[in-house]
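As structure tokens, the structure follows; a few thoughts come after it.
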Amino acid sequence: ASLDLPFALEIAIAADGVLNTFGTRAAHIMAHIEARSGVKRVRLAPAPDFAANLSVPAGERRVSVLGAVRPLLEAHRLLHVALHGGEPERLTAKLLLPCRLAEVVIGNAGETVREISRLSGATLAFDEHPASVPQAAGVPERMLRASGDMSQVSNALAQVLLLRMDFDAAEQLAAASGEAAAASG
């Protein structure tokens, strides 16, 4: 798969950080990140209506970013800079992955996630339970937390994004071969 092909990255950010830091300028900040990073799209999910949906925790909001690998990483960096007023020394990025992709990232007995951690220098951990950040479109997700300095976290995210590209390509190939088998049978 090509590093220039666009795909979506789902990031969870603290809802109070959005409210306290961005306030009414959230749309402007998302447009600025989109323009500066070179991604195709950056969208902050609307705040859930907590009165209508009490099962959704108030803790996090979803940011969906669409683009190629390098612009995605730059958009992630710019989002952290916007939230923290500068590049933090240490950070924890929260990436939302479909459960099937999370299994690939974890690998056999945790082998893949340990290798990504070793190569990047970042500490990686998956939440035990499926994520409950709004806007999942009915797809169960797991949250991956990557902690370290910005370069370590960016390196780890890049490796996960490359796994995502391979995963997406394998899914498309499986779907195409299933359709071909159905058409010939």
Side-chain angles (χ1 to χ4, degrees), residues 1-14 29-30 32-45 60-84 87-88 90-127 130-131 133-137 139-176:
S2 169
L3 291 177
D4 297 326
L5 291 175
F7 59 99
L9 177 67
E10 302 291 329
I11 304 168
I13 59 175
I29 291 169
M30 295 300 131
H32 176 76
I33 291 170
E34 186 175 302
R36 293 264 327 264
S37 67
V39 296
K40 293 181 180 279
R41 184 184 73 229
V42 178
R43 296 290 180 266
L44 175 64
E60 300 187 303
R61 300 261 306 267
R62 177 182 302 265
V63 176
S64 297
V65 185
L66 178 68
V69 172
R70 285 182 187 91
L72 284 173
L73 294 173
E74 178 62 7
H76 173 262
R77 187 189 73 76
L78 291 170
L79 181 60
H80 270 278
V81 168
L83 280 169
H84 301 289
E87 213 165 290
R90 305 235 359 121
L91 66 108
T92 298
K94 295 177 276 186
L95 190 63
L96 297 161
L97 303 175
C99 284
R100 291 185 56 215
L101 176 58
E103 291 171 6
V104 171
V105 173
I106 292 168
N108 189 19
E111 187 175 304
T112 305
V113 75
R114 279 194 303 276
E115 182 68 4
I116 293 171
S117 182
R118 185 186 70 76
L119 291 171
S120 67
T123 302
L124 300 170
F126 277 93
D127 285 0
V133 178
Q135 307 294 322
V139 176
E141 296 175 313
R142 299 270 308 269
M143 187 178 302
L144 172 63
R145 296 174 192 273
S147 301
D149 65 31
M150 184 60 80
S151 66
Q152 291 171 328
V153 170
S154 290
N155 187 315
L157 292 181
Q159 291 180 57
V160 170
L161 291 172
L162 291 173
L163 284 173
R164 168 83 188 256
M165 290 170 51
D166 292 344
F167 175 80
D168 289 349
E171 290 282 300
Q172 289 174 354
L173 184 61

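This chain uses plain numbering: 1 for the first residue, then up along the sequence. Just the heavy atoms: all of them, side chains too, but no hydrogens, waters or symmetry mates, feed the values below. The structure displayed is predicted, hence computed values, not measured ones.
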Is the shortest side-chain heavy-atom distance between [X] and [Y] below 4.5 Å?
X	Y	answer
L73	L161	yes
L157	L72	no
V65	E34	no
V42	V63	yes
I116	L163	yes
M143	R145	yes
M165	V69	yes

* S64 side chain to E10 backbone, donor-acceptor under 3.5 Å ->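 Pair absent, no side-chain N/O of S64 close to backbone of E10.
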
* Checking R164 side chain against A8 main chain: does a donor-acceptor pair fall under 3.5 Å? ->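 At least one qualifying donor-acceptor pair exists.
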
* To do: Among I106, L95, V105, L101, find the residue that satisfies the side-chain contact (heavy atoms from CB on, under 4.5 Å) test when tested with R142.
  =>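 So, applying the side-chain contact (heavy atoms from CB on, under 4.5 Å) to R142 and each of I106, L95, V105, L101, only I106 qualifies.
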
* Do the side-chain N and O atoms of N155 and Q159 include a donor-acceptor pair separated by under 3.5 angstrom? ->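 Side chains of N155 and Q159: pair found under 3.5 Å.
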
* Separation of I33 CD1 from H80 NE2 (nearest 0.5 Å) ->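 Here the rounded value is 10.0 Å.
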
* Separation between CG of L78 and CZ of R36, rounded to the nearest 0.5 Å ->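 If I round to the nearest 0.5 Å, the distance is 5.5 Å.
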
* Would you call R114 and E111 a salt bridge, taking side-chain N to carboxylate O under 4.0 Å as the test? ->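 No salt bridge links R114 with E111.
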
* Output yes when E115 and R118 qualify as a salt bridge under the 4.0 Å nitrogen-oxygen rule, no when they do not. =>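 Yes, E115 and R118 are salt-bridged.
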
* To do: Using the side-chain contact (heavy atoms from CB on, under 4.5 Å) rule, take F126 and L97 through it: C-alpha gap first, then chi angles, then the decisive distance, then the call.
  => CA-CA 10 Å; F126 277 93; L97 303 175; 3.8 Å; yes

* Please name the residue in the list H76, R70, R77 that meets the side-chain hydrogen bond (donor to acceptor under 3.5 Å, both in side chains) test with E74. =>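 When side-chain hydrogen bond (donor to acceptor under 3.5 Å, both in side chains) is applied between E74 and each of H76, R70, R77, only R77 qualifies.
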
